[in-house]
Amino acid sequence: MSNMNLLYKNPLRTIVIFGALLRIIILVFYQHISTFPDSDGYRELSTLLTNLNLSGYFGYRSPGYPLLLSLANGNFYIVIFLQFLIGVASMVVLYKNMLLLKFSSKNALFATLVMNSFLHVAFYETCILTESLTLFFMTFVFNVMLNNYFNNKSIKTDLLMAFLLAYLVFIKPFYIFLPILIYGFFILKNFNAGIFRSSKIIILFFPIMIFLGWSYVNKINTGYFVPTTFYGYNLSQNCVYFAEKTSPKYEEISKIYVRHREEKISQGKDVSMSIWDAYNDIQEATGLSFVDLSFELSQYSKELIKNNPADYLKQVTVSWYDFWRTDIYWNETQFKVKKSAPAFIWVWDIQHYLLRFFKIAFLFNILLLLFSFMKNRTFSSEIIITTIIIVTSLLQAFSTYGTNSRFSYPFESLMIVVVLLQFKKLWLDFRTKKIF
């Protein structure tokens, strides 16, 4: 039996071995746990959850990812090991998703291995960030949905979907729109008098209860009914380029914000995080606490947006464009084997452009899918996947500016799969002479 046949004989074993080897290679050469400003917030909440005491918590983060840290008792080495396991599990679920989309076992295996050879996938797993956990739950949601979910009347399946969606909201409250969108597709595909008695209403109930429940915890601790007390800062990030166009009421905040923005511009640096550079100065000038300043910034931002809709939409366009970027989260100077860093950087440079190609192809493919929908009036799997991704890209663009590419990461493999499906269709049409 040839080596290739051995790989294809047991695809799940091949995926697990490939995933394990890739991560072992990265461990050998990198040997570093990457932390970022977000990481401290997750660690702080993890400690509170471990001690079963949330009193006085300032509501920076939601508990989905900190629960994983608590499971590891705050030991980052255990966290990284768990994230490696989660990463390999995500590969397996992705492979099964491709089978559900009618790829052959060989093609699905090959595509899965290629998509998970992208370095940023494994390097996210060396970070104390939510992305690896989010990717797993998002991939699992689509696995349930692609497995004839909208026609499935099993309450167990609905409970599974409700749990997956609720936990996604627990990880990132931003995803509260997802159960609403999926339930909307169910209604459109099965519209009749009895659909509102379906057990699928559960997929709305659980995530909304999680969202409202955590917001209530924050209300008790901070006085504000919000899923995260970062909301004011995030919204003000989307006002960075027109921060000066405010009323006298917020002139003090505006002047400080603009000064820090202009410093960033003069230094040729990214301006998206200017509000965080300005935070200490604004807090000193206003005397407000973190949570009170977040509320004040939300009011300031809402006024800016209301009075400057054209500027806001221009900024939203910039944020939306950044959704389609591709970034890698690592520390290039922290490779244990220093001489290996240039090789990893070279590989990522190639992979980065390949990912950009697929993202651009995905955007062009929207027109083909729109034409297909207008012609057939059916919600195919590709149309549902594409709609969810586009809605995500728009909502994140309206919500914040900065690190927007992290919002697209859980959907990158789905973008590639949709493009591959279109290539497959075009190839079959070409062979049967339906085109050209």
Side-chain angles (χ1 to χ4, degrees), residues 37-38 40-42 44-45 48 54-66 130 169-177 208-261 271-309 311-312 315-316 319 395-404 407:
D38 291 358
D40 290 336
Y42 299 129
E44 178 187 357
L45 181 51
L48 295 174
L54 292 173
S55 61
Y57 179 58
F58 284 110
Y60 302 141
R61 300 293 174 189
S62 52
Y65 184 67
T130 64
V169 173
F170 224 26
I171 297 170
K172 187 172 289 191
F174 167 79
Y175 289 120
I176 188 61
F177 75 91
I208 290 174
M209 289 302 296
I210 288 290
F211 185 89
L212 296 178
W214 183 247
S215 296
Y216 182 68
V217 171
N218 287 334
K219 170 71 174 177
I220 294 172
N221 287 325
T222 70
Y224 296 101
F225 189 82
V226 291
T228 168
T229 49
F230 279 118
Y231 72 105
Y233 300 91
N234 292 336
L235 190 58
S236 63
Q237 286 176 244
N238 243 358
C239 302
V240 64
Y241 282 112
F242 56 102
E244 61 269 41
K245 298 182 179 181
T246 188
S247 66
K249 180 180 179 180
Y250 300 107
E251 186 175 359
E252 190 173 37
I253 290 175
S254 174
K255 284 183 177 179
I256 298 172
Y257 191 5
V258 171
R259 173 163 54 83
H260 281 273
R261 181 195 70 193
V271 302
S272 63
M273 297 298 175
S274 298
I275 190 63
W276 297 105
D277 294 323
Y279 168 71
N280 288 331
D281 290 343
I282 296 176
Q283 188 179 48
E284 183 178 346
T286 61
L288 296 174
S289 66
F290 180 90
V291 292
D292 289 333
L293 181 53
S294 181
F295 176 77
E296 190 73 358
L297 287 173
S298 73
Q299 301 303 108
Y300 159 69
S301 301
K302 289 173 184 177
E303 180 185 275
L304 277 171
I305 292 168
K306 179 182 178 181
N307 296 333
N308 305 278
D311 289 306
Y312 176 57
Q315 175 57 57
V316 166
S319 301
L395 291 178
Q396 62 84 40
F398 279 98
S399 301
T400 192
Y401 174 48
T403 65
N404 297 75
F407 284 91

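The residues of the chain are indexed from 1 along the displayed sequence.
The ring-ring contact (aromatic ring centres under 6.0 Å, His included) test applied to F242 returns no partner, not counting sequence neighbours. Residues passing the ring-ring contact (aromatic ring centres under 6.0 Å, His included) test with Y175: none are found, sequence neighbours excluded.
Residue L235 is tested with I305, T400, I275, L304 for a side chain to side chain contact (heavy atoms under 4.5 Å, CB included); the sole match is I305.
With a 4.5 Å cut-off on side-chain heavy atoms, Y257 and V240 count as touching.
Side-chain atoms of S62 never come within 3.5 Å of backbone atoms of G64 as a donor-acceptor pair (strictly under, hydrogens ignored). No donor-acceptor distance shorter than 3.5 angstrom exists from the side chain of T130 to the backbone of Y65, with no hydrogens or angles considered. The closest donor-acceptor contact from the side chain of S294 to the backbone of V291 lies at 3.5 Å or more, if one exists at all. Checking side-chain atoms of Y57 against main-chain N and O of E44 turns up no donor-acceptor pair under 3.5 Å. The backbone N or O of A243 lies less than 3.5 Å from a partner atom in the side chain of Y300, making a donor-acceptor pair.
The salt bridge (Lys or Arg N to Asp or Glu O under 4.0 Å) pairs that include a residue from residues 282-301 number zero, where partners must be two or more places apart or lie in different chains.
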Would you please test E303 and T246 for side chain to side chain donor-acceptor pair (under 3.5 Å) and show each step? CA-CA 7 Å; E303 180 185 275; T246 188; 3.2 Å; yes
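Here the shortest heavy-atom pairing between Q283 and L288 reads CG-O, 3.0 Å.
By the 30° and 60° cut-offs, the orientation of the rings of F407 relative to F174 is perpendicular.
Taking 4.0 Å as the cut-off between side-chain N and carboxylate O, R261 and E244 count as a salt-bridged pair.
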